[in-house]
2 protein chains.
Amino acid sequence: MQKTVQKRTLKTRARLIEAAEDVIERNGYQALRVEDVVQAAGVAKGTFFAHFRDKDALMEMLIGERLVACFDQVEQGSAPHTAPEIADALQPIHAFMTSERYVFDLIIRYSGATAITEIGPIARCFERYVHLVAGWLETAKVRKDISPDLLAEGVQAFAIQSMSLKFCALHEAESFSDRLEIYLDAWLTPAA
Amino acid sequence: MQKTVQKRTLKTRARLIEAAEDVIERNGYQALRVEDVVQAAGVAKGTFFAHFRDKDALMEMLIGERLVACFDQVEQGSAPHTAPEIADALQPIHAFMTSERYVFDLIIRYSGATAITEIGPIARCFERYVHLVAGWLETAKVRKDISPDLLAEGVQAFAIQSMSLKFCALHEAESFSDRLEIYLDAWLTPAA
DNA sequence: CTCCAAAAATGACCGTGGTCAATTTATAAG
DNA sequence: CTTATAAATTGACCACGGTCATTTTTGGAG
């Protein structure tokens, strides 16, 4: 039983990814067609699916990479201590997640791994989100009656709610960041 | 400029809907194929798309109807007063929403109307959810420092979070209802 | 009844994601 | 260098949602 991976494989895969990134650069994630990618990469269609389970798998990888970069950026900054500061600190992540409706939908769809064996970059980012925020909350001026982890899960829930409403015509009145701040203030620092 | 609607139209539409419901009855929402529906209804494929903008439009209608029925049922019951009672009262709605992954995804996708002119039954149900819960909260034993509407939006956010995690292999430990109760208790009756 | 314009239905056709048996290419062993 | 075998690639093909020019049906006017 051989399991050698030929150099060719890595080259082809790299060409496919680069081609996909070019296509996305020009027209956004939503407009990507597998045909365009394989033509730009100079390979046959079947080759694409030998490298990626399906189109979504490529998208999960590419969007996941960008998302990871957003997290890296956010983790560079210093820890925020109040609800508005937290909302502000998370802004780069939320901005990318809502940059395209397609991107938001895909991220939500892949936010939970269906099986342990297929935990992808996006599902990992959702765990990282909770850990990151929970870390901040340990030393932040917030309620202490429940665990930082639970508080952080709530922050995530409110962020998703706020992002959903951003795409909703019924709730155009408030801006995304205003809404999130209101939620987080009520969740993290309740008055009664 | 005539705009008469022939009787035929209503009949064909009814046949399509009945056929779709039969197909769903047998194999669930996810497995529905337009080909199967038109064949069962005894019409051509083009006819389907003369009656429904696309497959999703039919799905939104059918799932929306079932969702409305769930709300009607929940509204029959008496108003709950505590966090666990609220979670319990909403159970029929949450149960249907998570009955199939496909159903949950479609509901989330249609929960926000993209344009005012196309507010569908599902988007309307999301508004109804907030109004329903806000009504309960007015007389419930919960924090009073923020408005019932905002509190209700939070309940919705936590419910969606809990439902998402139900489909996630990383969070199988806790059951859906346990998780929702923990969230709602922390959100509605904070200790500090 | 006949006639005709609008409404409805039709089905061949298209776009795009995805499959798979057949072919080509890389590499290790002799 | 050959040869055997597994890995990689190919492209014709399929499934399914969706379109649209053409045909059929309806129902009111004369």
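Side chains are part of it too, since the values below use all heavy atoms of this structure and drop only hydrogens, waters and symmetry mates.
At C:dA8, none of the side-chain N or O atoms of B:His51 fall inside 4.0 Å of OP1 or OP2 (strictly under the cut-off). Within the structure, every side-chain polar atom (N or O) of B:Arg8 is placed at least 4.0 Å from both OP1 and OP2 of C:dA8. B:Thr12 has a side-chain polar atom (N or O) that falls below the 4.0 Å cut-off from OP1 or OP2 of C:dA9.
Considering only side-chain atoms of A:Asp54, the nucleotide from D:dC16, C:dG18, C:dA7 that sits closest is C:dG18. Minimum atom distance to the side chain of A:Ala44 is reached by D:dT10, of the listed C:dG11, C:dA9, D:dT10. Among the nucleotides D:dA7, C:dA9, C:dA7, the one closest to the side chain of B:Thr4 is C:dA7. Closest approach to the A:Ala50 side chain among C:dA8, D:dT9, D:dG18 is made by D:dT9 (side chain taken as heavy atoms from C-beta onward).
Protein atom NZ of A:Lys55 is 16 Å distant from nucleotide atom P of D:dG17, rounded to whole Å. The interatomic distance linking A:Phe48 (CZ) with D:dG11 (P) rounds to 17 Å, in whole Å. In this structure, the CZ atom of A:Phe52 is 18 Å from the C1' atom of C:dT19, given to the nearest Å. Taking atom CG of residue A:Leu58 and atom P of nucleotide C:dG17, one finds them 11 Å apart after rounding to whole Å. The distance from atom CD of B:Glu35 to atom P of C:dT10 is 14 Å, rounded to the nearest whole Å. Distance A:Leu16 CG to D:dA8 P: 13 Å, rounded to the nearest Å. Here the C1' atom of nucleotide D:dC20 and the CZ atom of B:Arg53 are 18 Å apart, to the nearest Å. The distance from atom CG of B:Leu32 to atom P of D:dG17 is 8 Å, rounded to the nearest whole Å.
Between B:Phe158 and A:Trp187, a ring centre-to-centre spacing shorter than 6.0 Å is recorded.
Checked by distance alone, B:Lys45 brings a side-chain donor or acceptor within 3.5 Å of a matching partner on the base of D:dG17.
The aromatic rings of A:Phe167 and A:Phe104 sit tilted relative to each other, their planes meeting at an angle between 30° and 60°. Aromatic ring pairs are classed by plane angle as parallel below 30°, tilted from 30° to 60° and perpendicular above 60°; the pair B:Phe96 and B:Tyr29 is perpendicular.
When each of B:Asp56 and B:Lys7 is assigned the nucleotide of DNA chain D with its nearest heavy atom, B:Asp56 is the one assigned upstream, toward the 5' end.
B:Thr47 comes within 4.0 angstrom of a nucleotide base, judged by non-hydrogen atoms across all strands.
Taking a 6.0 Å sphere around CD of B:Glu118, one finds it holds more than 12 heavy atoms contributed by other residues, nucleotides or ligands.
Put simply, the side chain of B:Arg109 never gets that close to the backbone of A:Asp105: no donor and acceptor are under 3.5 Å apart.
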